[in-house]
*Asks:* 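Okay, handing you the structure first.
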2 protein chains.
Amino acid sequence: MKTKDNSLKTLEQFKDEQYGKRGTSKREELETGYENFKIGALIHEARIKKGMTQEQLAIKAGTTKSYISKIENNIKEVRFTTLQKIVELGLGGHIELSIKL
Amino acid sequence: MKTKDNSLKTLEQFKDEQYGKRGTSKREELETGYENFKIGALIHEARIKKGMTQEQLAIKAGTTKSYISKIENNIKEVRFTTLQKIVELGLGGHIELSIKL
DNA sequence: AATAAAGTTATCCGATAGTGCAACTTTACG
DNA sequence: CGTAAAGTTGCACTATCGGATAACTTTATT
């Protein structure tokens with residue numbers, strides 16, 4: 001459970017909660033890395049917007065709720081096709097991706 | 001060199017761009033994006049637009065040209081963070097990704 | 001035609017994505 | 001409060017990504 005009132009978090013709030021409390025210095029990694037956190041935060045945000053639980057999303061996407069949790073918290077890396085599977089099958093949406101040069 | 005159609009530069013054209021004129025880059029407006037896409041084609045197109053070889057891209061991105069080739073031909077799956085690494089470090093660009101519900 | 005650059009393909013193998021189960025914690029709600 | 005739903009975490013396991021190297025084919029240039 002993320003919020004008490006069903007409202008969406010900002011990305012900063014999400015980062016604070018997920019990475020600020022552990023004591024591990026993953027925070028610096030967030031700022032200088034490849035912005036991996038965006039994936040988990042994006043999926044989380046999209047799922048909440050659809051009003052789905054992790055388990056509902058997992059079943060639709062053909063995976064497990066534990067895996068969804070790990071992805072949303074950036075514990076596991078995601079293969080790109082897996083990301084597409086979760087978004088398209090699970091959330092009923094689609095990914096728009098562009099490479100800006 | 002893959003084909004002799006217009007999408008690929010000759011070696012001389014490439015050298016002109018890379019080592020010749022170091023003036024203002026006119027590539028900033030380049031963008032490669034799809035909704036229904038094969039990730040390999042996306043990377044390939046972006047690489048050609050930057051006038052880079054697979055090997056140059058590989059070195060910049062911290063990988064090998066054989067891996068770049070396999071990705072462009074959709075032989076290997078790509079981890080999302082690897083995709084970011086290739087685009088940001090290798091191509092000097094960035095990914096814009098959004099989930100449409 | 002010869003040579004070199006660019007790209008493809010093959011193979012090995014350590015690292016890790018992803019599965020599945022289960023126990024645990026946190027939150028929601030009567 | 002007590003219960004259940006939602007979410008988190010851990011562990012063992014399998015599939016495969018991805019690094020490294022090298023041989024090979026295709027294309028470009030002289």
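Every chain is numbered from 1, with letters handed out A, B, ... down the list of sequences.
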*Asks:* For B/Ile68 and C/dT9, give me the distance from atom CD1 to atom P, rounded to whole Å.
*Replies:* 15 Å
*Asks:* Mind calculating the distance between CD (A/Glu55) and P (D/dT8) to the nearest angstrom?
*Replies:* 13 Å
*Asks:* Please state how far atom CG in B/Asn73 lies from atom P in C/dA10, giving the value in whole angstrom units.
*Replies:* 12 Å
*Asks:* If you compare every side-chain N and O of A/Arg47 against the phosphate oxygens of D/dA6 (OP1, OP2), does one of them come in below 4.0 Å?
*Replies:* no
*Asks:* C/dT16 C1' sits how many Å from A/Asn74 CG, rounded?
*Replies:* 16 Å
*Asks:* Please state how far atom CD1 in A/Ile43 lies from atom P in D/dT8, giving the value in whole angstrom units.
*Replies:* 13 Å
*Asks:* Using a heavy-atom cut-off of under 4.0 Å over every strand shown, decide if A/Thr53 touches base, sugar-phosphate, or nothing.
*Replies:* sugar-phosphate
*Asks:* Tell me the interatomic distance from B/Gln54, atom CD, to D/dT27, atom C1', rounded to whole angstroms.
*Replies:* 13 Å
*Asks:* Taking side chain as C-beta onward, heavy atoms only, is B/Leu89 less than 4.5 Å from B/Lys60?
*Replies:* no
*Asks:* Does a side-chain heavy-atom distance below 4.5 Å link A/Ile43 with A/Val78?
*Replies:* no
*Asks:* Rounded to whole angstroms, how far apart are CD1 on B/Ile59 and P on D/dA20?
*Replies:* 12 Å
*Asks:* Could you tell me whether the side chain of B/Lys76 reaches within less than 4.5 Å of the side chain of B/Tyr67, counting heavy atoms only?
*Replies:* yes
*Asks:* What string of B, S and - do you get for nucleotides 17-24 of chain C, 5' to 3', when a contact is any protein heavy atom under 4.0 Å?
*Replies:* BBBBBB--
*Asks:* Using modelled atom types and a 3.5 Å cut-off, is there a donor and acceptor pairing between side-chain atoms of A/Arg79 and backbone atoms of B/Arg79?
*Replies:* no
*Asks:* Would you indicate whether the side-chain heavy atoms of A/Ile86 and A/Ile68 approach each other to under 4.5 Å?
*Replies:* yes
*Asks:* Show your reasoning for whether side-chain contact (heavy atoms from CB on, under 4.5 Å) applies to A/Leu97 and A/Phe80.
*Replies:* CA-CA 11 Å; A/Leu97 182 145; A/Phe80 186 75; 3.6 Å; yes
*Asks:* Tell me the interatomic distance from B/Met52, atom CE, to C/dA5, atom C1', rounded to whole angstroms.
*Replies:* 16 Å
